[in-house]
Amino acid sequence: MSPRILRTWCGAAALLLSVACGDSGDDDTRADAGTNTPDGSVPTPDAGAPDSGTPEEDGGTSTSPDGGPSGGPDATVPGAVTLPFPTLQHLTVEWAFTGDANANGTVTVRFRPAGSSTWRKALPLRRIPAGSNEGFSWAQRHSGSIFGLQPATQYELELTLADPDGGGAVRTATATTRAVPAPMANAPVKAVTPATFASVAASAQPGDLLELGSGTYTGFDWSRSGTEGKPIVLRGTSGTVINGPVNLFNQNHVHFDRLTINGRLRFNGTKNFSLTRSTINATSANGGDAVVTFLRAENAYIADNVVTGITPWAESSLGVNGNNQGEGICVTGPGHVIQNNRVTGFRDGISFMEDDAAVDQYSIDVLDNDLIGNADDGVEADFCAHNCRIVGNRLTNNFIALSSQPSLGGPTYFVRNAVYNAVHIAFKLYRGSSGDVLLHNTVVKHGDGFGITATTPVARLHARNNLFIGGPGGTFNGYSSGSAQGSVLHLPSLTTANADLDHDGYGSTSGTFNANWGGTRITSLNDLRANTTEKHAVQVDLGVFAATVAYPASPMTLYAAPDLRPRAGSTVENAGTPLDNITDGYSGSAPDLGALEVGAPIPTYGPRP
């Protein structure tokens with residue numbers, strides 16, 4: 001990324017901050033020319049953040065494992081359970097605690113739709129020790145997510161805390177996922193033309209549906225809000241085109257649908273904004289940005305859009321000092337859902353704010369997007385406080401596929417993402433990233449299959465059932481893709497004392513097996529199994545795929561996205577380990593490695609029909 005000016009609002013005064021972002025060259029400047037000045041405080045993650053009215057706990061029981069008294073510094077003292085900012089398909093679960101000095105407390109979770117008699121297991125919560133990084137701090141807690149839920153559904157949760165030193169507890173809670181945004185039933189439809197737009201917009205009321213007729217509209221500032229269940233909807237028709245920037249500052253319950261916008265759409269400070277089935281074409285104005293909020297917003301739903309930038313796929317475009325510009329979709333604040341978009345030709349395809357501009361970046365979903373030809377990061381999930389879920393995306397021809405620079409304690413989840421031709425690295429876990437969780441990702445790239453070249457520690461990394469394939473490396477615009485033979489794994493700054501990686505597949509088209517595990521050189525699969533946590537790792541090659549998948553030997557080619565489904569009978573079939581709420585419904589004796597199961601349909605990446 002290029003140098004970026006980040007603006008922190010303090011009352012009516014704006015402080016311009018020059019921010020240096022560290023290892024990968026992700027130093028950026030993002031200027032915001034907005035005129036609104038909300039509360040200028042920049043809280044640490046979760047400090048005083050609202051929780052959408054979700055109940056904290058229901059007064060469930062708390063006991064020691066043997067039913068007797070508990071105590072001492074090694075015993076857990078359970079605190080409040082919170083479920084902040086449910087999204088359409090996921091729930092965030094946080095359980096505060098004190099004590100547990102020897103760090104052996106665990107929390108298991110099960111859940112069910114309200115009224116159902118059948119419980120399902122979720123992943124255990126991650127134990128997050130207290131910490132600080134890059135000016136942010138967080139308290140110790142157990143934290144995690146429940147995946148793959150149905151929208152607008154109430155769920156019952158049962159959490160069981162176990163600590164052999166005492167303080168075990170059982171808590172129950174309920175939470176309701178958000179509904180897919182929709183117009184009010186029987187919404188009054190108001191016909192709009194370019195000539196009447198200003199007058200109709202000025203009188204819009206909650207529940208109104210403004211149908212924009214064919215024609216060219218100029219950019220505008222939108223200043224009307226809807227209410228819960230009665231959003232104001234602006235819906236385009238064939239031939240509706242808006243030329244110029246569109247701004248929504250501090251609004252609520254506004255939906256844009258089926259619009260074509262040539263310019264930037266900015267929704268600073270807005271809650272419950274929806275952008276669906278639209279085409280956004282960035283221009284050189286406003287830094288090449290497309291869909292952005294530079295100030296804290298809540299619960300945006302950005303889905304099924306085609307978002308196109310102005311950065312070409314060329315070697316000169318790559319990296320921090322490359323000739324690149326523009327954020328495709330950029331958010332800060334909690335509860336956002338960015339789903340099934342196609343984002344092409346930006347510096348970063350989908351991104352979060354960084355450093356002092358990052359506010360309450362948690363409970364954010366980035367799901368099923370198609371990210372192509374972005375010259376820095378495909379998905380930049382930087383400064384995630386916890387429970388950001390980067391799930392099911394396809395990333396083809398991006399300089400860096402997935403960024404977590406840094407994760408602020410975690411968990412930051414990367415699950416079932418399919419990566420092809422990440423030029424530099426697939427996962428950028430830089431600036432002291434802590435608490436990243438990598439599950440069932442597939443990576444085929446030039447150079448090192450799984451390489452992290454940061455000099456800062458990569459802490460508390462957890463990985464299961466991933467598939468990494470690389471090959472001979474090279475240098476592109478000054479950045480290395482990996483070693484000459486292509487290391488299968490290159491993690492020299494891994495904090496091995498708290499790393500937990502296993503059941504992953506590694507390979508290089510060179511046929512060699514070279515790895516660096518926290519500074520220790522590894523030269524064979526047996527060596528990896530014997531000297532690391534990867535006790536069940538397997539060695540793989542491009543023959544594990546059912547279709548022919550070519551090695552991306554010329555990374556500056558705009559390759560078509562290949563079919564990365566595994567082949568029946570290959571090394572990766574049944575080589576994974578079951579993961580509650582992640583691998584439910586797998587076929588065979590065990591889950592397959594990578595983003596897809598043998599014989600499964602290819603997911604819908606990008607806009608849905």
Side-chain angles (χ1 to χ4, degrees), residues 1-2 4 19-28 133-134 317-322 324 327-328 330 346-355 358 361 366 371 374-384 388 390 393 395-408 410-415 417-438 441 443 445-463 466 468 470 473 475-482 487 489-495 499 501 516 555:
M1 290 184 170
S2 59
R4 180 179 292 168
V19 178
C21 291
D23 291 301
S24 87
D26 238 23
D27 294 45
D28 311 34
N133 188 20
E134 299 289 352
S317 300
L318 302 180
V320 59
N321 295 315
N324 57 58
E327 305 298 301
C330 178
F346 291 90
R347 178 175 56 236
D348 301 311
I350 296 171
S351 61
F352 303 168
M353 293 294 282
E354 300 167 275
D355 294 277
Q361 292 182 173
V366 180
L371 298 132
N374 297 294
D376 198 4
D377 300 326
V379 176
E380 183 190 71
D382 296 358
F383 285 83
C384 173
C388 299
I390 319 304
N393 302 282
L395 301 105
T396 312
N397 312 315
N398 296 276
F399 177 62
I400 294 165
L402 299 158
S403 175
S404 183
Q405 182 181 260
S407 170
L408 298 170
T412 301
Y413 291 100
F414 297 91
V415 183
N417 299 289
V419 175
Y420 184 78
N421 192 30
V423 179
H424 179 35
I425 50 178
F427 289 94
K428 182 176 62 182
L429 313 183
Y430 286 6
R431 297 181 72 180
S433 194
S434 176
D436 294 293
V437 179
L438 280 53
N441 300 285
V443 173
K445 68 175 292 292
H446 196 272
D448 298 342
F450 183 20
I452 299 174
T453 58
T455 56
T456 51
V458 178
R460 298 177 49 254
L461 177 62
H462 180 87
N466 301 286
F468 301 100
T475 301
F476 303 90
N477 204 28
Y479 295 91
S480 172
S481 70
S487 295
L489 182 150
H490 183 72
L491 306 178
S493 58
L494 181 68
T495 304
L501 291 72
N516 184 320

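Just so it is clear, the model here is predicted, and its values are computed rather than measured.
- What you find for S404 and S433 is that their closest heavy atoms are O-OG, 3.1 Å.
- Closest approach of R460 to S434, counting heavy atoms only: NH1-OG, 3.3 Å.
- Judged purely by atom type and a 3.5 angstrom limit, S493 uses its side chain to pair as donor or acceptor with the backbone of A454.
- Checked by atom type and distance alone, the side chain of T475 never pairs as donor or acceptor with a backbone atom of S480 at under 3.5 Å.
- By the ring-ring contact (aromatic ring centres under 6.0 Å, His included) test, F414 is found to be paired with F427, residues two or more places apart in sequence or in another chain being considered.
- How far CG of L494 is from CG of N516: 9.5 Å, rounded to the nearest 0.5 Å.
- When all heavy atoms of I452 and P492 are compared, the pair lying nearest together is O-CD, 3.5 Å.
- For S351 against E327, the heavy-atom pair with the smallest separation is OG-OE1, 2.6 Å.
- Using modelled atom types, no side-chain atom of N398 and backbone atom of A422 make a donor-acceptor pair closer than 3.5 Å.
- Nearest heavy atoms, L371 versus G378: CD2-O, 3.4 Å.
- Inter-residue side-chain proximity for V419 and N441 is flagged as unmet; no heavy-atom pair is nearer than 4.5 Å.
- Under the rule for a side-chain contact (heavy atoms from CB on, under 4.5 Å), the partners of S317 that lie at least two apart in sequence or sit in another chain are T311, P312, A314, A375.
- A donor atom on one side chain and an acceptor atom on the other are not found under 3.5 Å apart for R431 and T456.
- No donor-acceptor pair under 3.5 Å is formed between the side chain of S487 and the backbone N or O of L489.
- Under the 4.5 Å side-chain criterion, counting only non-hydrogen atoms from C-beta, D376 is not in contact with F346.
- Checking side-chain atoms of Q361 against main-chain N and O of D382 turns up a donor-acceptor pair under 3.5 Å.
- Between the CG atom of L402 and the CG atom of L395 there is a distance of 5.0 Å, given to the nearest 0.5 Å.
- Checked by atom type and distance alone, the side chain of N421 never pairs as donor or acceptor with a backbone atom of N397 at under 3.5 Å.
- Residues passing the side chain to side chain donor-acceptor pair (under 3.5 Å) test with N393, sequence neighbours excluded: N369, N417.
- Under the side-chain contact (heavy atoms from CB on, under 4.5 Å) criterion, A463 pairs with L438, N466, L501, D504, not counting sequence neighbours.
- By the side chain to side chain donor-acceptor pair (under 3.5 Å) test, H490 pairs with no residue at all, sequence neighbours left out.
- Taking the six-membered ring where tryptophan is involved, the planes of H424 and F399 are essentially parallel, since the angle between them stays under 30° and well short of 60°.
- Residues satisfying the side chain to side chain donor-acceptor pair (under 3.5 Å) test with T396, not counting sequence neighbours, are none.
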Practice task
Kindly determine whether L318 and V423 satisfy side-chain contact (heavy atoms from CB on, under 4.5 Å), including the steps that lead there.
Solution key: CA-CA 9 Å; L318 302 180; V423 179; 4.2 Å; yes

Practice task
Take Y430 and I425 through the side-chain contact (heavy atoms from CB on, under 4.5 Å) test and state the conclusion after the steps.
Solution key: CA-CA 11 Å; Y430 286 6; I425 50 178; 3.3 Å; yes

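- The CD atom of Q405 sits 7.0 Å away from atom CD of E354, with the distance rounded to the nearest 0.5 Å.
- When all heavy atoms are compared, the tightest approach of F352 to C330 is C-SG, 4.4 Å.
- When each of D377, D348, D436 is tested with K428 by the rule salt bridge (charged side-chain N to carboxylate O under 4.0 Å, His left out), just one qualifies, namely D377.
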